[in-house]
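Sharing a structure here in structure tokens format.
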Amino acid sequence: MPGTLDLDAALQYVRAHRDRHLQELREFLGIASVSAISSHAGDVRQAAQWLKHRLLSAGFSTVRVEETGGHPVVVATNPGHPDRPTVLVYGHYDVQPVDPLPAWRHPPFEPAIVDGALYARGASDDKGQVFMHVIAAEAWLRTGNELPVNLIFLLEGEEEIGSPHLGNYIASRQDLLRADLAVISDTPMYAEGVPAICYGLRGLAALELTVAGPKQDLHSGIFGGTVANPAHALATLIASLHDADQRVAVAGFYDDVDLPTPAERHAFAQLPFDDTAYQDEVGVPELAGEPGFSPLERTWIRPTVEVNGLWSGFSGEGQKTIIPASAHAKLTCRLVPHQDPVRVLDLLEAHLRAHCPKGVALTIARGEGAPGTVTPIDHPAVRSAEQAIRAVYGRPAAFIRMGGSIPVVVTLHDVLAMPTLLLGFALPNENFHAPNEHFHLDNFHRGAETVVRLWSLLAGWKREEGSQ
Ligand SMILES: [Zn+2]
């Protein structure tokens, strides 16, 4: 049987060392690891080295700073225990640039505590949340315990510049990184006081249309009435994508879309959401979208087709009486889990070709695609996270999804077949990427305790599975 798992001792450790941990976090935040600016490349490396030393002092046996071709990744592991699940903790130690500097009330790399929140670039996105995981692991490793789960830390230095080297790195180190579950703390809670487990993300499929007409712009007086206008043809095509109810009118588009269970939809409906405040926030006269779904559902669980850009003809001052030679549009779809991006693009392409007016030539270029991902709500990790949050926050967690995509989640899913749990402790208004980024210390401390508990709840997961 595995060695001791004394949860109380681990929790006690987190509470007893709060001051030191906070001091260490301030030190970490003091390193200006801005990945986008080449003059900070040395700082990015310094942050990687800082993490390496800190993970070693937390009790990890092997910590490497590995080259990727860009900024390095930091990987920490311990000897695995075959009876226990393996969890990969992904996070990033790079930060966004700080501009505009004058808007900061405290210098971005001189952390300051104001009203219970720690202000610094990277406080919530993502150094504070990364360090929370370091503390949680240390709490197990430095109290005579074993780690309840086999932990692998994968911390990258290029998240804020789109992770250009991470996909290759993961593909090349599959043996090192293989795990039963990924946990990422790089997202906000649902709202202040409402801790959240995010278990689903939408995917993406992109294409670009070119509608070509005459070989050059034509005089609309001399030629108008005899040739098809590419701008009109493009407008017709775009209009054909939705029906009068704002449902996507592409045949087969909804074929593979799963509807969440009634229990999930009921849970979404219980979340605080103010349509009017949302409408004001985005600044529209009225909300729109597919009938039969709430605004949250439209962004979380329903796929969309959107025009992202549209251009043709003359748009300068005054009149220029032409028939434009061509018209262009960029489209993307947000996809929900089980929709295959390639199939969706096939369907869209067939639809567009079938609806293209006569007299023009349509060219379609396909762009990036990534599937949506979902971790089933009854997955042991989701249930354990809910229990851990309930124990620490004294209230149930919100089960949420997000409308966007997180590329590393797709990579972990595609390359390593790993489900992901997004367990974030930032608040939505903590100014990620903006001046005066901050992190509420209450959530920093409670987040660490939640993670300590989560690991102990997951300890028996594999044995339970084996005995079923
Ligand atoms: Zn982040």
Side-chain angles (χ1 to χ4, degrees), residues 36-37 96-103 160-162 204-250 275-290 295 298-299 304-334 345 348-349 351-369 403-405 431-435:
I37 299 175
Q96 282 274 313
V98 298
D99 313 79
L101 191 56
E160 300 293 6
I161 53 172
L204 193 70
L207 50 77
E208 187 168 333
L209 309 182
T210 300
V211 177
K215 62 186 177 191
Q216 60 192 15
D217 290 355
L218 297 177
H219 188 295
S220 69
I222 297 173
F223 299 98
T226 63
V227 297
N229 184 315
H232 299 194
L234 182 62
T236 303
L237 281 174
I238 289 172
S240 76
L241 293 171
H242 294 88
D243 66 17
D245 280 334
Q246 305 184 54
R247 281 174 60 85
V248 176
V250 174
D275 283 33
T276 313
Y278 182 81
Q279 187 180 320
D280 288 349
E281 185 192 327
V282 295
V284 291
E286 200 179 335
L287 295 181
E290 197 184 348
R298 288 171 188 162
T299 57
T304 59
V305 181
E306 302 278 0
V307 175
N308 308 121
L310 187 60
W311 66 103
S312 177
F314 178 70
S315 58
E317 188 185 354
Q319 295 284 321
K320 186 165 184 257
T321 47
I322 56 162
I323 297 165
S326 62
H328 312 261
K330 287 178 187 284
L331 307 183
T332 50
C333 305
R334 290 291 175 173
L345 288 179
L348 259 176
E349 189 164 342
H351 173 97
L352 290 163
R353 295 207 182 282
H355 286 78
C356 188
K358 288 194 167 68
V360 292
L362 173 64
T363 314
I364 297 174
R366 294 184 177 208
E368 297 286 307
S405 316
N431 292 14
F432 328 123
H433 298 203

Problem set entry | Separation of Asp275 CG from Asp280 CG (nearest 0.5 Å) |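 So the gap between those two atoms works out to 11.0 Å.
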Problem set entry | From OG1 (Thr236) to CG (Leu241), nearest 0.5 Å |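 So the gap between those two atoms works out to 11.0 Å.
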Problem set entry | side chain to side chain contact (heavy atoms under 4.5 Å, CB included) evaluation trace for Ile364 with Leu348 | CA-CA 10 Å; Ile364 297 174; Leu348 259 176; over 6 Å; no
For this session: Go through the steps for Arg353 and Leu362 under the test side chain to side chain contact (heavy atoms under 4.5 Å, CB included), then give the verdict.
Result: CA-CA 7 Å; Arg353 295 207 182 282; Leu362 173 64; 4.1 Å; yes
Exercise. Regarding Arg334 and Ser405, is there a side-chain donor-to-acceptor distance under 3.5 Å anywhere?
Worked result: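 Yes - a donor-acceptor pair under 3.5 Å links their side chains.
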Exercise. With distance as the sole test, does Thr332 use its side chain to make a donor-acceptor pair with the main-chain N or O of Ala205 at under 3.5 Å?
Worked result: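 Judged by distance alone, no pair lies under 3.5 Å.
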Exercise. Where is the tightest heavy-atom contact between Ile323 and Gly224, given as atom of each residue plus distance?
Worked result: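 Heavy-atom minimum between the residues: CD1-CA, 3.6 Å.
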For this session: Going by the side-chain contact (heavy atoms from CB on, under 4.5 Å) test, name the single residue among Val360, Asn229, Leu310, Val307 that passes it with Leu234.
Result: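 Single pass found, and it is Leu310.
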For this session: Could you tell me whether Glu368 atom CD has more than 12 heavy atoms of other residues or ligands within 6.0 Å of it?
Result: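 No, because the 6.0 Å sphere around CD of Glu368 holds 12 heavy atoms or fewer from other groups.
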Exercise. Is the backbone of Ala288 close enough, under 3.5 Å, to the side chain of Arg298 for a donor and an acceptor to pair up by distance?
Worked result: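 Yes, the answer is positive, given that a donor and an acceptor are paired below the 3.5 Å cut-off.
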Exercise. Would you say His355's side chain and Ala239's backbone share a donor-acceptor pair under 3.5 angstrom?
Worked result: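 Side chain of His355 to backbone of Ala239: no pair is present.
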Problem set entry | Residues which pass ring-ring contact (aromatic ring centres under 6.0 Å, His included) with Phe314, listed by chain and number, not counting sequence neighbours |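 Residues passing ring-ring contact (aromatic ring centres under 6.0 Å, His included) with Phe314: none at all.
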Problem set entry | Exam field: side chain Asp217 to backbone Ala325, donor-acceptor pair closer than 3.5 Å |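 Such a contact is found between Asp217 side chain and Ala325 backbone.
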Problem set entry | Polar side-chain atom of Gln279 near backbone of Pro285 as donor-acceptor pair, under 3.5 Å |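 Side chain of Gln279 to backbone of Pro285: a pair is present.
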For this session: Please lay out, stage by stage, how Arg247 and Glu290 fare under the test side chain to side chain contact (heavy atoms under 4.5 Å, CB included).
Result: CA-CA 5 Å; Arg247 281 174 60 85; Glu290 197 184 348; 3.2 Å; yes
Problem set entry | Residue pair His328, Leu209: steps toward the side chain to side chain contact (heavy atoms under 4.5 Å, CB included) verdict | CA-CA 6 Å; His328 312 261; Leu209 309 182; over 6 Å; no
